[in-house]
Amino acid sequence: MTAPTDEAGRGTDAGQGDEAPLPPLGSVGLLRWAWRQLTSMRTALVLLFLLAVASIPGSVLPQRGTNPLRVSQWLQDNPATGPVLDRLGFFDVYASPWFAAVYLLLFVSLVGCVLPRARQHWRALRTPPPPAPRRLERLPQALEFESDLDPADVLAGAHAALGGWRRRESPPEAGWLAAEKGYSREVGNLVFHMSLVALLVGVAVGGLFGWKGNVIVREGEGFSNTLTQYDAWGGGRMVRADGLAPFSFTLDRFTVDFERGEAQRGAPRVFVADVTYRDEPTSTGSRTTIEVNEPLAVDGAKVFLVGHGYAPHFVIRDATGTVVFDDSVVFLPQDGNFTSTGVIKVPDADPALGISGLFLPTAALDDVRGPHSTFPAPDFPAVFLSAFTGNLGMDSGVPQSVYTLDTSQMDQLGLESLLPGDTWTLPDGAGTVEFTGFERWASFQIASDPGKELVLASALAAIAGLLVSLFVRRRRIWVKALPREGGGSLVQVAGLSKAEDAGLADEVARVASRLGWPATMDAPRADRRTT
Amino acid sequence: MTSMELAQASNAAVYASMVSLAIAMVFFAVSFAAGRRRATAAHPVESVASVGGTALLTRPPETDAGDPGRRAANIGMSLTWLSFVTLLVGVVLRGVWAGRVPWGNMYEFSITASLGILGVFLAISLKRDLRWLGLFVVIPTLLNLGLAVTVLYTESAQLVPALKSYWLVIHVAAAIICFGAFTFAAATAGLSLLRSRAERRRGDVTGWLARVPDAERLRTLTNRVVAFSFPLWTFAVVAGAIWAENAWGRYWGWDPKETWAFITWVIYAAYLHARSTAGWRTDRASWIALIGWVSFLINYFGVNIFVTSLHSYAGT
Ligand code: HEM
C-alpha cells in the first residue's frame, strides 16, 4: 500500500507527500504510519462517504428520538429482525456508537490534517515567494515579448503592476521579480474546517446542557416551569432539573382557523395563543402571543406552540345530585379532522365511575367509520360516551396514563351521544353526566439549548471560510527582464496557480500589458472559450 | 383578471413553456444528429504560442455557416430562452393568484425548480457557449415539469402556518438555485464520463461526442459550478435549520428531509475533496457529483412523497 499522495502542491502539508510504501517497524513507527494514514486526504474521503452512508438507515427506519410509537409498532411487526436491529442501534442511529465512531474519526482526521497545515501556512505567511524558475516559458501561463525599456525600468513597472502582492526581488544581475497573492485562500480553508469542529462542540454543549419538555395547557389554565408540570421532559446529563428558570404563563385564549375552500380543506391557516407570562412568580405579568413561527423567549428558554385540540367540559353528579366532577378534560386528536379521544375518571363517585369517549367537532355517523368528525372546526360538536363502574385500578400503585381507561375490573353501564347542554342519566341510578360545552387546549414545547448560538456562529463562519477558500485564487507571478543587445529588454511574464484557475491567463495578460506587451489580440481568456 | 383567469393564465404559461421546451429538445437533438466533426482542436483559444518574440493566440475560425448542427442548436437556445420567460410568467402569475410566494406545495416547488434549472443554464450560457449542453438540461427540466403538471398538480391554497416565515423564502430560494446548479453539474459530470471513455478508446473523438468539450474541460466546468452551489447549499441548510428552530424548537432533528439534506451536503463535500485527492480528481470525482445529484433528487421527490416527515407540505 502506498502512502497517500496528493496532487503536487496541494494538500501535501500534513506529511502526505512522501513515499512510504510499507509501515516502518517498531511501535512508534507503526503509530506514526497509522496517524499519517488517518490524516490523509484519501481517508477523509472514505470517512465522508461512510458518514453519508451511515446516515441513511435513520431516514428509512423509524427513530426513537422522533417517533417512539412507530418504533414499537415496527418491533411488533418484525419480531425476527426488529430486536437484532434494535440491539445494533438502528432505531437510534444518530446516537449509536457506530455513527459516533464515524464522525469522531472524521473529526480527529480533520484536526490532524488541518493543524499541521495551519502551522505550515503560518510559516509561509512570513516567507517571501520562491525565486523564479529558470525556464519561465515552461509554466502553464507564459508570455514573452520585447520592450524598449531597460530591465531595471521593466522591473520597476512590474513592482507597480503587482502592488499589493507579496514580492521578492532577485539579485540585480538575475533580473526577476516574484510575486504571490491569495494567502487568504488557505486561511479560509482553515476557518472552514475549524468551524466544523466548533459546530460539533456547540452540538455537544446543547446535548449536555440543553433540555426540552412538552406540556398541554387548557384555555384559562396556567403553567409554571417545574419538572412536575410537564407531561414529558428530557434533559442533558449536566442539567439540574431542580434549577429550571422559574417562569410561568397562563393561556388566556387560543384562536385557530381552518381552510374552508376546496383545496387542502381543513388545513390549518392560523394558530394564535394569547398568553400572560411572568419571569418570576412575583413579577407582574406581560401579555403576548405565541404563534407557530413566533416562539416566546423567556429566561433562556423558548416556548413553542406545537399543537392544539379540544377539551370538552362535563359536570357529573351522583345519585343524590351531588356534583362529583366539574371540569374540562383534554381529548387527543386522532386525525386531521380532530376526531378526538379521551377519558374521564371519577374515583370520588361511589362506586368509582370511568368514562371513555370521543369528541367530534363536526360530528357525523356512518356504518363504515362509526362516529367521526368531518371538519376540524366546531361546526356541530358532539360527544360519544361509554360509561363504566367498578375499580379504576388507580390504587394499585402502577402509574396510569390520564388518556387510557383500564376497564379490566369494571362493568359497562351503557353508551350515549350528547350535544352541548344534554344530560345523560346513567342506568342503575349511577348518576348523571352533563356535557356543558368545550374549551380548547394548546400544546407547547419548551426548550433550552445553550449551544445553539455557538452552532449558528460556527455555521456562518464555515460559510464565510468556504467562500474565501473557494473563490480566492492563490497565484504566483514572475516577471523576468533580460537586457537585449542594442538596448531594451526581453520580458517574460509567467503565472502559476495552486488550483484550477480560469482567470490566471487574464492576470498574466494584465501584468504583461502594464509592462508594454502589445496586446493587439484578445487576451487569452479561459472563460469565454467557444467550444 | 379574476382569480379564475389568473389560475388559467398561469397554467397556460406553464404548458406553453413545456411545448417550447419540447421543440427546443428536438432542435438540440438534431444538432447532435447532424454529427459533423468539429474542425477545431481540443483547446481552441488556450494555446499561446511565442513566435518571433511576440505572443500569438490561436483562435479557430468560428462560423455557423454551413454547419446545420450549429444552426439547429442556435434555434434550440432561442426556444430555451422563450421557455424560461413563459415559465417565469407562469410562476409569477401563480404567486399573484395565491397572494404569496409560489412555494406552498410540490407543484409550485417543481415549476419554480424548473425555472431554477433553466435560469442557471441560461445565466452560464451568457458567459460561455453551452449549445452542446442544451439537450441535457432541457430533458430533466421537461421531465420535472411533466411530473409537476400531471402527478403533483395542486389547486392553489394558502400556506399552513409552519410555512409562513420569511426563512421559507430564503431557504427555498437558495435550494431552488442549488437544484438548478446541481442539475447542471450532473449533466456536465455525466458527459465528462462519456467523453473520457470515448477519449480513452480512440484518441480522436468522433460522432456526437465530438460536439462536446473534452473531458478535462467538462470536469473543470463541473467543479466550478459545484464550487458555486456548495456554499449556497450550506447556506440553504443553515437557513432551514434556523427556520426549524423557530417553528419546532430545535434546529436539527434528523427528520428524513434534514437527513437527506445532510447526506447531499456530505457527498458534495466529498466531491470537492476528491478534486484535491490524487487518483480521484477525474472520473471518480465525476461519479461523486452524479451521486450527489441523485441524493438531492431523493431528498426532493422521494422524501416528500414516500416518507412521513414533518416537512409534510407535499399537499397533493
Ligand atoms: C467534516 C468533514 C469535512 C468536510 C465537510 C470537509 C469539507 C471540505 C470542503 C467543502 C473543501 C473544499 C473547500 C475548501 O477548500 O475549503 C475541503 C477542502 C479540504 N479539506 Fe476538507 N472537509 C472535511 C474533513 C477534512 C479532513 C478530515 C481533512 C484531512 C484529512 C480535510 C482536508 C482538506 C484539505 C487539505 C482541503 C483543501 C484542498 C485544496 O487545497 O483544494 N478535510 N474540505
Side-chain angles (χ1 to χ4, degrees), chain A residues 4-7 10-11 41-42 44-45 48-49 51-52 55-56 58-59 63 65-66 94 137 143-146 212 259 261-264 267-271 291-293 295 302 304 306 445 447 449 452 455-456 459-460 462-463 466-467 470 500 518 521-522 524-531, chain B residues 44-46 48 50 53-57 59-60 62 127-129 132 154-158 160-162 164-165 213 217 220 223-224 227 230-231 234-235 238 241-242 245-251 253-256 259-260 262-263 266-267 269-270 273-274 276-278 280-281 295 303 307 315:
Chain A
T5 51
D6 290 314
E7 216 183 322
R10 274 198 241 161
M41 282 293 270
R42 208 178 321 138
L45 202 53
L48 279 169
F49 264 120
L51 184 61
S55 310
I56 295 176
S59 76
Q63 298 293 295
T66 44
Y94 309 105
E137 62 276 14
L143 289 172
E144 191 175 280
F145 57 93
E146 294 178 347
K212 72 176 175 195
E259 174 69 50
E262 267 310 302
Q264 299 188 0
R269 292 301 171 222
V270 192
F271 311 136
E291 294 178 49
V292 170
N293 279 314
K302 277 189 177 177
F304 300 86
V306 291
Q445 171 149 308
D449 182 346
K452 71 179 178 226
V455 170
L456 180 62
L460 296 180
I463 295 178
L466 196 56
L467 289 173
L470 289 172
E500 271 153 19
M521 277 156 285
D522 284 309
R525 296 195 66 123
D527 57 348
R528 298 253 166 91
R529 298 168 186 141
T530 52
T531 44
Chain B
V45 199
E46 247 175 356
V48 178
S50 182
T54 308
L56 289 182
L57 305 175
R59 177 187 279 270
E62 188 198 340
K127 282 197 84 184
R128 17 168 113 218
D129 181 353
W132 50 271
T154 317
E155 289 295 332
S156 175
Q158 287 179 298
V160 297
K164 276 186 193 161
S165 157
R217 283 255 286 291
T220 309
N223 188 67
R224 294 187 75 185
F230 182 76
T234 313
F235 172 76
V238 172
I242 294 174
E245 204 272 333
N246 261 313
W248 301 315
R250 87 287 185 291
Y251 57 85
W254 294 107
D255 178 87
T259 302
W260 280 95
F262 174 76
I263 293 173
V266 170
I267 295 176
H273 264 219
S276 307
T277 305
W280 281 80
R281 51 177 313 284
S295 134
V303 175
V307 184

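Residue numbers begin at 1 in each chain, while the letters A, B, ... track the order of the sequences.
- Under the salt bridge (charged side-chain N to carboxylate O under 4.0 Å, His left out) criterion, A:Glu291 pairs with no residue, sequence neighbours left out.
- Shortest non-hydrogen contact noted between A:Ile463 and B:Thr234 is CG1-CG2, 3.7 Å.
- Of the two parts of A:Lys452, the backbone and the side chain both hold a non-hydrogen atom closer than 4.5 Å to a non-hydrogen atom of chain B.
- Ring planes of A:Phe49 and B:Trp280: tilted class, angle from 30 to 60°.
- Here the closest heavy-atom approach between residue A:Ser55 and residue B:Thr259 is recorded as O-CG2, 3.4 Å.
- The CD atom of B:Glu245 sits 3.5 Å away from the NZ atom of A:Lys302 when rounded to the nearest 0.5 Å.
- Closest of all the heavy-atom pairs between A:Met41 and B:Thr277 is CB-OG1, 3.7 Å.
- Residues B:Ile267 and A:Ala52 come closest through the heavy atom pair CG1-CB, 4.1 Å.
- With a 4.5 angstrom heavy-atom cutoff, B:Phe235 touches chain A via backbone and side-chain atoms both.
- There is no contact between A:Gln63 and chain B, counting heavy-atom distances below 4.5 Å.
- Shown here are the side-chain hydrogen bond (donor to acceptor under 3.5 Å, both in side chains) partners of A:Lys212, two or more places apart in sequence or in another chain: there are none.
- Closest of all the heavy-atom pairs between A:Leu470 and B:Pro231 is CD1-CG, 3.7 Å.
- For chain B, the nearby part of A:Leu456 is the side chain; its heavy atoms alone come within less than 4.5 Å.
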